[in-house]
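Inspection log for the structure reproduced underneath, given as structure tokens.
FYI, side chains are in, hydrogens and waters are out, and symmetry mates aren't considered; it's all heavy atoms of this structure. These numbers were taken from a predicted model, which means no experiment stands behind them.
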Amino acid sequence: LEYPQMGALDPGEWTLVDLRALDHDGGTIPARALRLAQQVVDLDKSLQQCPATIRLKASIVTRGAHAVLAGEVPDLAAAPLWGLCRSLGLDHPERWGSLIDLDPAGDVDLNLLYREISSGDAAADEIAFRDGVRYANRFACVATIAADTLQLDAAGSYLIVGAFGGVGPALAAWLARRGGKNLILAGRSLDGAERQQACSALQKELQELGADARSEICDAGDPGAVA
């Protein structure tokens, strides 16, 4: 799956099916999740190097990464791949194809997988198979949730990343109204008088709602800063 191998392909459209997530035994769940994610990141880098004449689209295959049916327990090492590949697919849909989750019970059905890959159904980009039944990921309408049905644990702490942006203050107030008493407001900076005033106003609003809010300046993407 390295670039020299991809670059040797004939010009045209190609489909790459990555099966490595089907065999990821060894190590702890976090270690396996990191290894699988790094493989996908490396694959994305290789795809970027393909010449324009080679239109290569990758599909990722997992097994039991999602709890599709009641009582199923997802594979926590493989499940993060779906979030990662969704992000990659949104940024570069020309490089990323389907996400396919095979049935964790029984043997891998390669004939079924081949039929799915070769079907060319671009509209169904997130697929799962269970007991021979094909499931496609779709939004569905749910009953409206009453405003007061969600009550948070007052003894818990709630971290809001990006708390000083456009959505963060509204989320903090929403949590406070629903019982969140210990709020940690995290953001990369409070530069500028206007943003500092907004932070002070938010602190006051949360206090009036009965919440104890603490502001922290840190980059959530920096492990050292978060620690």
Side-chain angles (χ1 to χ4, degrees), residues 1-69 72-141 221:
L1 293 178
E2 296 179 352
Y3 167 68
Q5 297 169 301
M6 297 179 186
L9 296 172
D10 294 331
E13 295 185 358
W14 293 84
T15 298
L16 185 153
V17 182
D18 191 341
L19 303 175
R20 290 176 292 180
L22 299 181
D23 183 16
H24 60 82
D25 294 336
T28 63
I29 289 177
R32 283 183 282 145
L34 181 60
R35 183 169 65 248
L36 291 174
Q38 187 61 57
Q39 289 174 349
V40 169
V41 171
D42 291 341
L43 174 59
D44 184 60
K45 292 178 181 178
S46 295
L47 292 173
Q48 293 178 42
Q49 299 180 61
C50 284
T53 56
I54 300 175
R55 297 182 296 280
L56 185 60
K57 184 172 274 194
S59 292
I60 302 296
V61 181
T62 58
R63 190 181 185 197
H66 282 284
V68 177
L69 303 178
E72 288 188 342
V73 178
D75 180 351
L76 298 182
L81 286 183
W82 281 58
L84 173 59
C85 292
R86 282 170 182 156
S87 297
L88 293 171
L90 289 172
D91 289 339
H92 296 284
E94 74 281 2
R95 292 204 296 259
W96 292 94
S98 300
L99 288 164
I100 303 172
D101 194 47
L102 299 180
D103 195 339
D107 297 329
V108 174
D109 190 338
L110 293 179
N111 290 325
L112 181 149
L113 178 59
Y114 174 77
R115 289 195 300 271
E116 178 62 36
I117 294 293
S118 60
S119 69
D121 185 1
D125 54 356
E126 296 186 8
I127 303 299
F129 288 95
R130 295 295 186 271
D131 196 23
V133 179
R134 181 179 186 267
Y135 296 85
N137 195 11
R138 291 292 180 267
F139 285 109
C141 294

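- Proximity of Ile100 to Ile117: side-chain heavy atoms (C-beta onward) are separated by under 4.5 Å at one or more points.
- By the 4.5 Å heavy-atom criterion applied to side chains, Leu36 and Leu84 are not counted as neighbours.
- In this structure, Cys85 and Leu99 approach most closely via the heavy-atom pair CB-CD2, 3.5 Å.
- The closest side-chain heavy-atom distance from Arg55 to Cys50 is not below 4.5 Å.
- For the pairing with Asp18, the side-chain contact (heavy atoms from CB on, under 4.5 Å) check across Leu43, Thr62, Leu81 returns one residue only, Leu43.
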Check the pair Leu69 / Tyr135 against side chain to side chain contact (heavy atoms under 4.5 Å, CB included), numbers first and verdict last.
CA-CA 10 Å; Leu69 303 178; Tyr135 296 85; 3.4 Å; yes

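- Taking CZ of Arg32 as the reference point, atom CG of Asp25 lies at 6.5 Å (rounded to 0.5 Å).
- Looking at heavy atoms from C-beta onward, Asn137 lies in side-chain contact with Arg86 at the 4.5 angstrom threshold.
- Scanning all heavy atoms of the two residues, the minimum distance from Ala78 to His24 falls at CB-NE2, 4.3 Å.
- The closest side-chain heavy-atom distance from Trp96 to Ile60 is below 4.5 Å.
- Note that OG of Ser119 is 8.0 Å distant from CD1 of Ile127, once rounded to the nearest 0.5 Å.
- Listed here is the closest heavy atom pair of Trp14 and Asp10: NE1-O, 2.8 Å.
- Glu126 is not listed as a side-chain neighbour of Asp101, based on a closest heavy-atom distance of 4.5 Å or more.
- With hydrogens and angles disregarded, a donor-acceptor distance shorter than 3.5 Å links the side chain of Arg130 to the backbone of Leu102.
- A distance of 13.0 Å separates CG of Leu16 from CZ of Arg95, quoted to the nearest 0.5 Å.
- A donor atom on one side chain and an acceptor atom on the other are not found under 3.5 Å apart for His92 and Asp44.
- The two atoms that bring Glu72 and His66 nearest to each other are OE1-O, 3.4 Å, heavy atoms only.
- The environment of CG in Asp91 is crowded: more than 12 heavy-atom neighbours from other residues, nucleotides or ligands sit within 6.0 Å.
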